[in-house]
Amino acid sequence: MRLFVALDLPSRVRTALADWADAAAPPVVRRVAPDNLHVTLAFLGSRDEDDALVVARLLSARARKLARLQTAGALWLPPRRPGVLTVALLADDGLSALQADLVAVLRSAIGFEPEARPFRPHITVGRVPRGTRIATRDALRAPAPALTFRAPAVTLFRSHTSAGGARYEPLARAVLP
Ligand code: ATP
Ligand code: MG
């Protein structure tokens, strides 16, 4: 099963980001459904059910209180030839510490191999179709909304990918204090 661990977002934040993407992104960009918006903390890739159970069990012990998070503007990734439109989050020590702690515990629990590049928290709001090139300068019709919020939980998701877009199934959820 294809697994990832993500930070959940309050519904008002998901709605605001989805509304902004609807209004501001070039029509060719495929919108991510509001219910699917999240901040990926660790993409585990293809794993067996035992790994999923291990991760599900360790999640709640890692939950820690985070300060309020803030959006930090639109961000095309990768910048030169974007595959996704995202909204960045302002760097936050507590969030980075939570992500680093999760990575460390996943590494020892299921042999997770983390990405070498630094964690840059973001929310993917749209996907650029394969073969389409976006001229990012002037591509957006409005600036991304500035939002401040508390993240409610960290969730282990199973991703069911298909041509119509991925469906995410929550397998375990740790509410943040
Ligand atoms: P699709 O791949 O069908 O367009 P999706 O990207 O939403 O849909 P997944 O590929 O299962 O679904 O990804 C789940 C989450 O993990 C998303 O936030 C995605 O950006 C992230 N992700 C996927 N692949 C990687 C990867 N190789 N490294 C880091 N994060 C990844
Ligand atoms: Mg993907």
Side-chain angles (χ1 to χ4, degrees), residues 1-11 13-18 20-22 25-49 51-52 55-56 59 62 66 69 71-89 91-92 95-96 98-107 109-134 136 144 147 149 151-174:
M1 32 178 98
R2 186 176 174 89
L3 303 177
F4 66 102
V5 177
L7 195 66
D8 293 346
L9 299 168
S11 69
V13 169
R14 287 186 276 108
T15 302
L17 293 175
W20 167 72
D22 258 346
V28 72
V29 172
R30 282 190 288 115
R31 275 63 173 158
V32 175
D35 282 353
N36 279 358
L37 296 174
H38 62 271
V39 181
T40 301
L41 300 177
F43 177 73
L44 307 183
S46 184
R47 294 276 165 178
D48 62 23
E49 200 170 345
D51 282 354
V55 178
L59 218 51
R62 318 321 297 188
L66 295 179
L69 299 173
T71 57
L75 176 67
W76 293 95
L77 290 176
R80 276 169 197 284
R81 210 188 190 300
V84 290
L85 173 62
T86 78
V87 173
L89 292 186
D92 177 87
L95 178 56
S96 294
L98 172 64
Q99 192 267 349
D101 175 60
L102 274 169
V103 163
V105 83
L106 291 168
R107 191 202 277 264
I110 60 164
F112 171 61
E113 287 184 31
E115 290 183 275
R117 57 187 172 182
F119 172 59
R120 300 231 191 281
H122 61 266
I123 302 150
T124 297
V125 298
R127 296 179 186 280
V128 179
R130 210 175 265 281
T132 300
R133 200 150 193 152
I134 300 281
T136 55
L147 304 167
F149 60 92
V154 170
T155 300
L156 168 65
F157 285 103
R158 177 175 184 183
S159 175
H160 301 268
T161 54
S162 70
R167 179 173 66 82
Y168 305 141
E169 176 191 2
L171 299 182
R173 181 162 275 146

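This one's a predicted model, so the numbers in the text were calculated from it and none came from an experiment. We count ligands from 1, going down the list as the structure has it; atoms in each ligand are counted the same way.
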| said: Only heavy atoms of Ser159, strictly under 4.0 Å: list the atoms of ligand 1 that pass. | reply: 9 (P), 11 (O), 12 (O)
| message | Between Thr155 and Arg173, is there a side-chain donor-acceptor contact under 3.5 Å, judged purely by atom types and distance? | response | yes
| message | Does any N or O of ligand 1 fall below 3.5 Å from an N or O anywhere on Thr40, backbone included? | response | yes
| query | With Arg62, which of Leu106, Val5, Val105, Leu41 fulfils side chain to side chain contact (heavy atoms under 4.5 Å, CB included)? | reply | Val105
| Closest approach of Leu44 to Arg47 (non-hydrogen atoms, all atoms of both residues) | O-NE, 3.3 Å
| request: Check whether any side-chain heavy atom of Ser11 sits under 4.5 Å from a side-chain heavy atom of Val13, and report yes or no. | output: no
Below 3.5 Å, can you tabulate the donor-acceptor pairs from side chains in residues 114-126 to any protein atom, sequence neighbours excluded?
{"unit_1": "Glu115", "atom_1": "OE2", "unit_2": "Arg117", "atom_2": "NE", "d": "2.8"}
{"unit_1": "Glu115", "atom_1": "OE2", "unit_2": "Arg117", "atom_2": "NH2", "d": "2.6"}
{"unit_1": "His122", "atom_1": "ND1", "unit_2": "Arg120", "atom_2": "O", "d": "2.8"}

| Less than 3.5 Å between some nitrogen or oxygen of Arg30 and one of ligand 1, yes or no? | no
Using a 3.5 Å cut-off and no angle test, enumerate the donor-acceptor pairs between side-chain atoms of residues 27-39 and protein atoms at least two apart in sequence or in another chain.
{"unit_1": "Arg31", "atom_1": "NE", "unit_2": "Ala21", "atom_2": "O", "d": "3.4"}
{"unit_1": "Arg31", "atom_1": "NH1", "unit_2": "Pro26", "atom_2": "O", "d": "2.9"}
{"unit_1": "Arg31", "atom_1": "NH1", "unit_2": "Val29", "atom_2": "O", "d": "2.7"}
{"unit_1": "Arg31", "atom_1": "NH2", "unit_2": "Ala21", "atom_2": "O", "d": "3.0"}
{"unit_1": "Arg31", "atom_1": "NH2", "unit_2": "Asp22", "atom_2": "O", "d": "3.0"}
{"unit_1": "Arg31", "atom_1": "NH2", "unit_2": "Ala25", "atom_2": "O", "d": "2.9"}
{"unit_1": "Asp35", "atom_1": "OD1", "unit_2": "Arg14", "atom_2": "NH1", "d": "3.3"}
{"unit_1": "Asn36", "atom_1": "ND2", "unit_2": "Ala166", "atom_2": "O", "d": "3.3"}
{"unit_1": "His38", "atom_1": "ND1", "unit_2": "Asn36", "atom_2": "O", "d": "2.7"}
{"unit_1": "His38", "atom_1": "NE2", "unit_2": "Thr40", "atom_2": "OG1", "d": "3.1"}

| query | Can you check side-chain contact (heavy atoms from CB on, under 4.5 Å) on Asp51 and Phe112, steps first, answer last? | reply | CA-CA 10 Å; Asp51 282 354; Phe112 171 61; over 6 Å; no
| query | What protein heavy atom sits nearest atom 2 (O) of ligand 1, and how far away is it? | reply | Thr161 CG2, 4.3 Å
| request: Could you find the nearest protein heavy atom to atom 8 (O) of ligand 1 and give me its residue, atom name and distance? | output: Ala166 CB, 3.4 Å
| task | Specify the protein heavy atom at minimum distance from atom 31 (C) of ligand 1: its residue, its atom name, and the distance to 0.1 Å. | result | Phe43 CG, 3.4 Å
| said: Please list the nearest protein heavy atom to atom 7 (O) of ligand 1 with its residue and the distance rounded to 0.1 Å. | reply: Tyr168 OH, 2.3 Å
| task | Would you check the N or O atoms of Thr124, main chain and side chain alike, for any that come under 3.5 Å of an N or O of ligand 1? | result | no
| query | Does any non-hydrogen side-chain atom of Leu3 lie less than 4.5 Å from one of Ser159? | reply | no
| Measuring from the heavy atoms of Phe157, does anything fall under 4.0 Å of ligand 1? | no
| Can you find an N/O atom of Arg117 closer than 3.5 Å to an N/O atom of ligand 1? | no
| message | For the 3.5 Å polar cut-off, considering only N or O atoms, please tell me whether Arg2 and ligand 1 meet it. | response | yes
| message | I need the nearest protein heavy-atom contact for atom 20 (O) of ligand 1: residue, atom name and distance, please. | response | Arg127 NH2, 4.2 Å
| query | Are the side chains of Phe149 and Leu9 in touch, meaning some heavy atoms are under 4.5 Å apart? | reply | yes
| query | Should you measure from each heavy atom of Glu115, which atoms of ligand 1 turn up under 4.0 Å away? | reply | 29 (C)
